[in-house]
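In what follows, a single structure is set out as structure tokens and then discussed.
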Amino acid sequence: MPFNSFDISASGLTSERLRMDTISNNIANANTTRTEDGEPYRRKMVAVQPRKATFAEHLNHFIKGRRGEDLKLPGGGVKATSIVEDDSAFKEVYDPEHPDADPDTGYVQKPNVNTVNEMTDLITASRAYEANVTAMDSSKEMANNILDLGLR
């Protein structure tokens with residue numbers, strides 16, 4: 001029985017959860033002026049791409065299909081490929097009293113995190129997560145209806 005929609009929705013849930021975790025980390029570090037590298041915190045973003053099936057998955061699908069075992073299509077959904085840093089410039093704020101201020105100019109470099117943009121991205125990720133939950137619930141309901149038809 002094909003349950004590919006569960007895998008696709010699950011990959012979306014995993015991806016969106018990683019996005020929400022990354023956005024939360026960005027918001028938490030919005031005021032971090034010095035990391036282990038000695039620089040302010042750099043905003044991070046999740047790179048996502050469609051999940052493509054490997055040759056082995058296509059071959060297994062073909063072999064199992066010939067035997068009538070599994071009709072689940074390989075591939076589908078998304079996968080997070082990496083977490084990349086935003087290379088935009090740091091903000092500079094004049095604050096000579098700050099411990100990380102430049103002693104000559106009095107300016108402090110702040111992280112390139114804009115909390116308004118992060119909140120917008122968080123809402124988008126949250127809505128996408130909810131959409132995947134709704135799709136998974138619909139798939140579950142359809143599978144239950146199919147099983148009920150089999151019992152009649």
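Note that this is a predicted model, so its numbers are computed, not measured.
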Run the side-chain contact (heavy atoms from CB on, under 4.5 Å) check on Val133 and Asp137 step by step: do they pass?
CA-CA 6 Å; Val133 168; Asp137 284 344; 3.9 Å; yes
What closest approach, in Å, do [X] and [Y] show between heavy atoms, and which atom pair accounts for it?
| X | Y | result |
| --- | --- | --- |
| Ala30 | Pro111 | O-CG, 3.4 Å |
| Gly106 | Ala101 | O-CB, 4.0 Å |
| Val48 | Ser15 | CG2-OG, 3.5 Å |
| Ile23 | Glu118 | CG2-O, 3.4 Å |
| Glu16 | Ala125 | OE1-CA, 3.4 Å |
| Thr32 | Thr35 | CG2-CG2, 4.2 Å |

With sequence neighbours left out, write down each residue that passes ring-ring contact (aromatic ring centres under 6.0 Å, His included) with Phe90, or none if nothing qualifies.
none
Taking side chain as C-beta onward, heavy atoms only, is [X] less than 4.5 Å from [Y]?
| X | Y | answer |
| --- | --- | --- |
| Leu122 | Met20 | yes |
| Asn4 | Asp7 | yes |
| Asp102 | Val108 | no |
| Glu39 | Gln109 | no |
| Tyr107 | Val93 | no |
| Asp86 | Arg42 | no |

Ignoring hydrogens and angles, tell me if any N or O in the side chain of Ser139 forms a donor-acceptor pair with the backbone of Ser5 under 3.5 Å.
no
Nearest 0.5 Å please: distance from the [atom1] atom of [X] over to the [atom2] atom of [Y].
| X | Y | atom1 | atom2 | answer |
| --- | --- | --- | --- | --- |
| Ile63 | Leu59 | CD1 | CG | 4.0 Å |
| Lys91 | Thr33 | NZ | OG1 | 12.5 Å |
| Lys79 | Ser11 | NZ | OG | 11.0 Å |
| Ser24 | Asn29 | OG | CG | 11.0 Å |
| Ser9 | Asn132 | OG | CG | 5.5 Å |
| Phe55 | Asn60 | CZ | CG | 10.0 Å |

Side chains of Asn117 and Asp121: donor-acceptor distance under 3.5 Å anywhere?
no
Distance-only polar pair, side chains of Asn26 and Tyr41, donor-acceptor under 3.5 Å:
yes
Name of the residue among Lys140, Glu141, Met142 meeting side chain to side chain contact (heavy atoms under 4.5 Å, CB included) with Asn144:
Lys140
Taking side chain to side chain contact (heavy atoms under 4.5 Å, CB included) as the test, write out the residues that go with Ile83, two or more places apart.
Leu18, Thr22, Lys44, Val46
Consider only side-chain heavy atoms of I, L, V, M, F, W and Y, link residues closer than 4.5 Å, and tell whether Leu13 and Phe6 are in one cluster.
yes
